[in-house]
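Worksheet for the structure shown next.
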Amino acid sequence: MRKQIKVKAIVIALTLSFGSHSSGWAQDLVKANADEKSSAQRVVVTGSNVKRIDAETAAPLQIISKAEIMQSGAVTVKDILELSTSNDRSAISDLSGANSWASGASGVSLRNLGVSATLVLINGRRLPSFGFADGLQNTFVNVDAIPASAVERVEILRDGASAIYGSSAIAGVVNIITRKDFKGVQISASKQQSVINRKLNNQSFANLTAGFGDLDKDGYNLFASLDLYKRGSYKDDFVNRRLPEWYLKLNPARDTGKIDSLSTGAFPGNYTGRYPANYADPKLAGTRISKAMPGCAAENLIDGLCRYNYWKDSDAMPGAERAAFYSMANLKISDDMSAWAEIQLADTKSTYNTAIPRSNVTGSSLSWYDSIKGELQYFVDPTLPVGHPNNPYTFPIGLNYRFADHPDMFKNIGGSQQYRAVAGLLGKTAGWEWDAAIGYMGGRAHQRQQLYRDRYEYTKAITSGEYKFGQQNPRALLDKMFPVMGSDGKSSESWLDFKASKEVMNLAGGPMTLVLGADVRHETFLHKSMDNILQARIVQFSGVSIDGSRNVSAAFAELNAPITKKLELDFALRADKSGPTDLEVIPKANASYLVSDQLKIRGTMSRGYRAPSLPETGNGGASWFTGGDDPKRCDMANKIYDALMLGDATDRSNALTAYYSGCETGFPSTVTPNPNLEPERSRIYSLGFVLQPTKNTAITLDYWNVSRFNEIAVRGSDYILANEDIRPGLVVRGALSPQDIEFGQRASQLAGVPLGFKVGPVQGVRDQYSNVTKSKMAGVDLSVRSNWNLGEYGRLTTNLESTIQIDTLWFDTDKQRFSENYVGYRYYPRVVSNLSANWSKAVWSAGARGYFQSERKLAWGADDTSNTIEACAERKVSASGCKLGADFTVDIYGSYSGFKDLRIGFNLFNVMNRKTQIENRAGGPLPLRGTSLKLWGEYKF
């Protein structure tokens, strides 16, 4: 009851505070400026197949107009979608794709339900899937490949729509509406960067659009638009030198002024090992060796060891280059028939410079999965044999070394090409309005990287002495030791669709409209690692080989019934058949009631579904490197760590290695597709109202609730490790390594009690996709929009869009119950709001936009014991510092169009220079937020 009262109070407060000041966001119900309505043109609105005049349907719909896009300064579709508070921003992003299976792409997630639950369309039809799957599981649309300049508006249906569009429309639908015609030539460009340092927020954008033909006069129009985008990169070392003191204290590894942030995997390197127990000099027999190899630069020689600043090689911000092309042709054949065609092409590339690889001579075996043989593989880093040019000892010796000969060669490049061609006919026959289209689309993705070792060439080059340590070796030799590796992906879809609508009878409120339609599609998906990975040549890098195809067919119907002038009902039903899965029948019902000229009540009830993806059901399988605490070793790892910290510098250096061998340890996890998967299903409903208290202001408020079940997932390594003895065969362990034994012996000496691991390290876990989990989301969307005609002082539009999260519940498969509500924790703010005010007069326009997030706990969830109030107090962080306070940033913009055919403008982002919020935890986001400026211009001739 308290929660309901609190939410109601928030909603009422927001409504009164913004509504009373005539500011906020609403749908196109406000007709003070509605020149569009005067034409009474009937259009299809996202979420329905029925043509209508009023965009305010029973289902909640947000429309982001071209004007709003320009005012916000957004230059990519990802930027545009972040204008919606329904977008939780948790989806995959090319900014963090260096270690992703789908590097170089960005997706969209609504309602915290992920990319697989959000359907992305362009002009009401599907877009091609990215060539790789997110997490090797979920296919998604790469929004970076959509040309932003071609966007006329974006319609975001904040409701389930599987009954209309089929699979994946669970959390909502993003429908990108492009411009339909253009005549002339237009050139636009923009440049953005930080006002403090030109490297930060460095983005460049250019567009060329050209078209000819007037659809009304000439009966045709053809136009094309090309976007070019580039994002600048910068290194981690550049960032480290600009980090505030509070962040360096929480993340000391980034403090390059301290020795602990510098690696002993250096250039030229450090000898590591032990004198043999039977060594001729009894004083040295059995003692450790830890000393710098000759040739270390004086400034890098610290405490007898050579050090290396590995931060200077890796990117904190990856560079990106994109080209996106869109073209549309429209042809009027007769008064009752027209034809159209679209072509969309894109080429994207993101480059992630990585830390230079190092040797890792520990005596422990590294493990990974052989995708062809289905076996775990092992590799031990070679020591320098006796007689090696760089081995001054009479016994084999290890060398901790950084391969810094050619630092620019070590990078990860994620690229993709996307294509889409579709043509259709629109017509009227015997009272039916029909629409038919045929199309083919797809995408290719590729990831290339040089970082990991070839198990054979690497060993050969080192043990033979071919590789000269501490010198500049030929690039060709490094290319053999660290070969180009990666993977390629391909998705394709060919389809044919048809739908027709007819007014079948007259009701008291108007004509009843029936829509019937069907579509058939053929889908393929291929994701395969390069041969050197599949042959298990690349150390500790497991492969993927997924190949699948299927036929998809669907039939649907929708009935719109204006029962009276006030009551309107809408029913939809769709039957989908995806490959081998059973036929899925999905219903939806909408209702709206006009209480008065100022108030409309509306509600929806529907089922949603997502067909299992081809990676989840196809042939092959995948494996990846994962990590977690080993229940059988972590407790002892902590004890050994504490003991080694009592020793000398070398012991303290080994302490973390010992800790990571049992806690937060890494190992390969394999997963195989499951052809017997059932679809994911959901129940969705919404209830709300549209209120127009004055002719200038409209308010919408909608409560929404999504329950998703039968979710497809893997049980996870934590579950498998915790149940190792109950479910034998899923965990593969190695024997105790020489390093394990050595750490135990040394820790026992220092602690004075017997210490040591009882079992060997985890070398792999096995899993399979299953229908194992579920989730629940609920909240309220509040939108307000006001338009004011100020006469000689111009026009003012004020907007508010706010999402108030009530429930975010994940199912705990271990405990077989729902989790505690995550709302209010680190990644789930209760309230997210966008506010804006835009003024225009003649050739001038200006405005401001604010983004608000409510206060959050520091912990990511109830199981985050490291960031509770008590845990914060233990590390001397106050209760007020053990949270993230409310955050609010403001952007401003202005433009001038008084020059002939030229329009210029600016955007100043974070005008108040609000700094990144302090997160009193290790591993928080880099605090680089500051003020940045964008200048732009647009010329048409």
Does the side chain of I80 come within less than 4.5 Å of T76's, by heavy atoms? no
Can you list the steps and then say if F482 with F410 is a ring-ring contact (aromatic ring centres under 6.0 Å, His included)? CA-CA 9 Å; F482 302 94; F410 299 108; 5.5 Å; yes
Using a 6.0 Å cut-off, check whether atom CD1 of I343 has over 12 heavy atoms from anything other than its own residue. no
Give a yes/no verdict on a cation-pi contact between K199 and F238, requiring under 6.0 Å between NZ or CZ and the six-membered ring centre and an angle within 45° of the axis. yes
Would you say that more than 12 heavy atoms from the other residues, nucleotides or ligands in this model lie under 6.0 Å from the NZ of K191, or not? yes
Check whether more than 12 heavy atoms from other residues, nucleotides or ligands sit under 6.0 Å from atom NZ of K349, and answer yes or no. no
I need the single residue from M317, Q192, E321 that forms a side-chain contact (heavy atoms from CB on, under 4.5 Å) with R231. Which is it? M317
Under 3.5 Å, is there a donor-acceptor pair between the E342 and Y326 side chains? yes
Looking at side-chain heavy atoms only, is the closest gap between Y440 and S492 below 4.5 Å? yes
Do N87 and E82 have side-chain atoms, one donor and one acceptor, less than 3.5 Å apart? no
Ring-face cation of R475 near F403 (centre distance under 6.0 Å, axis angle within 45°): no
Does R402 CZ have over 12 foreign heavy atoms under 6.0 Å away? yes
Got E155 and I177 here, is their nearest side-chain heavy-atom distance under 4.5 Å? yes
I'd like to know if the side chain of N834 pairs up with that of T85 as donor and acceptor (distance under 3.5 Å, no hydrogens or angles considered). no
First locate atom OH of Y827, then atom CZ of R856, and finally report the distance between them rounded to the nearest 0.5 Å. 9.5 Å
Checking side-chain polar atoms at under 3.5 Å, does S845 have a donor or acceptor matched by the opposite partner on S840? no
Answer yes or no: is there a side-chain heavy-atom contact under 4.5 Å between R254 and L926? yes
Can you find a pair of side-chain heavy atoms, one from R242 and one from N197, that are under 4.5 Å apart? yes
Which class fits the ring pair Y939 and F941: parallel under 30°, tilted 30 to 60°, perpendicular over 60°? tilted
Ring centroid separation for Y229 and F205, is it under 6.0 angstrom? no
Do the side chains of H446 and Q417 get nearer than 4.5 Å, heavy atoms only? yes
Would you say the ring centers of Y893 and F906 fall short of 6.0 Å from each other? no
Could you walk me through whether D901 and K940 satisfy the salt bridge (Lys or Arg N to Asp or Glu O under 4.0 Å) test, starting with their C-alpha distance in whole Å, then the side-chain angles of each, then the deciding distance to 0.1 Å, before giving a yes or no? CA-CA 5 Å; D901 300 325; K940 184 176 181 181; over 6 Å; no
Run the ring-centre check on Y308 versus F267 and record whether the distance is less than 6.0 Å. no
